[in-house]
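The structure appears right after this line, and notes come after that.
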Amino acid sequence: MKIAVLVKEVPDSYGERKLDTTTGLADRGASDRVIDEITARAVEAAVSYADSAQDAEVVLVTMGPESAESMLRKTLAMGADSACHISDEALTGADLGLSAEVLAAALRRIGFDLVIAGDVSSDGTGGLLPTMLAQRLGVAHLTSLDSAQISETEVSGERGTYGGTVSLRADLPAVVSVTERMPDPRFPGFKGIMSAKKKPLETLTAADLGVDAQADVPRSIMLSVTQAPARTAGTKVTDEGEAGTQLADYLAEKRLV
Ligand SMILES: Cc1cc2nc3c(=O)[nH]c(=O)nc-3n(C[C@H](O)[C@H](O)[C@H](O)COP(=O)(O)OP(=O)(O)OC[C@H]3O[C@@H](n4cnc5c(N)ncnc54)[C@H](O)[C@@H]3O)c2cc1C
């Protein structure tokens, strides 16, 4: 059983988050670079299955800048067996379509029974990559699972919906995307950190995967990009007998009540 987990390096959400308004890309120098938290939960789902299964293999896959290699090494310490890094400057600013094409080619090369991804990344927030990937790979896709059960032949899980829960199941091979409601990722122990240094990590380019990043196919084009305004201090209400009314007025003005 081979489980591929799609992990992504993102700017730390607790640090300053800035956009390079010339390129539209995340300004990766503005804060620490960390694994996207939901993708860490996806790794946890895979390694906790592997902990109790015989012959389970977990492969981390990422497409990202050179710096993503260090994120992969740290994540290998959680218990994954190997990693694949697609690192190619020609893929800088790749849209969802090109990213899905590259990752699908990598997954075909690696081989997989199950692919686990996050439902949405904290920087790009496209929220569509796993679906596009499943379409390209021609396998089922269980979307936005809050819990997942994996067996040798199938994967199932629950998706929270407005006012209820939907249970889903698919035969393997399949792609699943998981949400932030999945169990917390484990902290790697000393043994895991030491063994991660020697685990196989393959680096590939788009050309290695037979993908032409400049090919003349429809791609989405970023027209403009605007940095979010800096946060303001907010309004402070001092209670002199009118605080309740002021709060109610504030909520009504913001259309929150
Ligand atoms: C050199 C280089 C620089 C890049 N710089 C940026 C950047 O500044 N900002 C940015 O958002 N993207 C960057 N990328 C990555 C790529 O352009 C986006 O990841 C891609 O368009 C997916 O968009 P998304 O994150 O909105 O997808 P979503 O659909 O929101 O992602 C959902 C899930 O898909 C998986 N996934 C998404 N992207 C990747 C990936 N790259 N590798 C592995 N799994 C993935 C994750 O499991 C994620 O949780 C860069 C890539 C390269 C090679």
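Any value given below was found using the heavy atoms of this structure, including those in side chains, with hydrogens, waters and symmetry copies removed. Indexing begins at 1, ligand by ligand and atom by atom, following the structure's order.
Every N/O-N/O distance between L91 and ligand 1 stays at or above 3.5 Å. Close N/O approach between P130 and ligand 1 is not found [any backbone or side-chain N/O within under 3.5 Å]. Backbone and side-chain nitrogen or oxygen atoms of E89 are examined, and none is located within less than 3.5 angstrom of a nitrogen or oxygen of ligand 1. Annotation: D88 places no N or O atom under 3.5 Å from an N or O atom of ligand 1; distance criterion only. Note: no N/O pair closer than 3.5 Å links I86 and ligand 1 by distance alone. Inclusion of P65 in the set of residues having an N or O under 3.5 Å from an N or O of ligand 1 is not warranted. In terms of N/O distances under 3.5 Å, ligand 1 is not approached by G93. Ligand 1 has no N or O atom lying under 3.5 Å from any N or O atom of D119, backbone or side chain. Some N or O of A94 is nearer than 3.5 Å to an N or O of ligand 1, by distance alone.
The backbone and the side chain of A117 each have at least one atom closer than 4.0 Å to an atom of ligand 1 (non-hydrogen atoms only).
For D36, the closest heavy-atom approach to ligand 1 does not fall below 4.0 Å.
Proximity annotation for atom 45 (C) of ligand 1: of V115, V10, L103, T62, L103 comes nearest, heavy atoms only. Of the listed residues (G97, G126, S177), the one carrying the non-hydrogen atom nearest atom 26 (O) of ligand 1 is G126. Of the candidates K8, E66, E9, it is K8 that places a heavy atom closest to atom 37 (C) of ligand 1. In this structure, of G118, A213, G64, the residue bringing a heavy atom nearest to atom 52 (C) of ligand 1 is G64.
Looking at E9 and S67, their side chains do bring a donor and an acceptor atom within 3.5 Å of each other. Between S48 and D51, the side chains place no donor N or O within less than 3.5 Å of an acceptor N or O (distance only, hydrogens not considered). Using modelled atom types, one finds a donor on one side chain and an acceptor on the other under 3.5 Å when comparing S147 with E158. Side-chain N/O atoms of D146 and T179 include a donor and acceptor closer than 3.5 Å. No side-chain donor-acceptor contact under 3.5 Å links S151 and E154.
Salt bridge absent: D208 and R109 never bring a charged side-chain N and a carboxylate O closer than 4.0 Å.
Distances below 4.0 Å separate heavy atoms of T92 from the following atoms of ligand 1: 1 (C), 2 (C).
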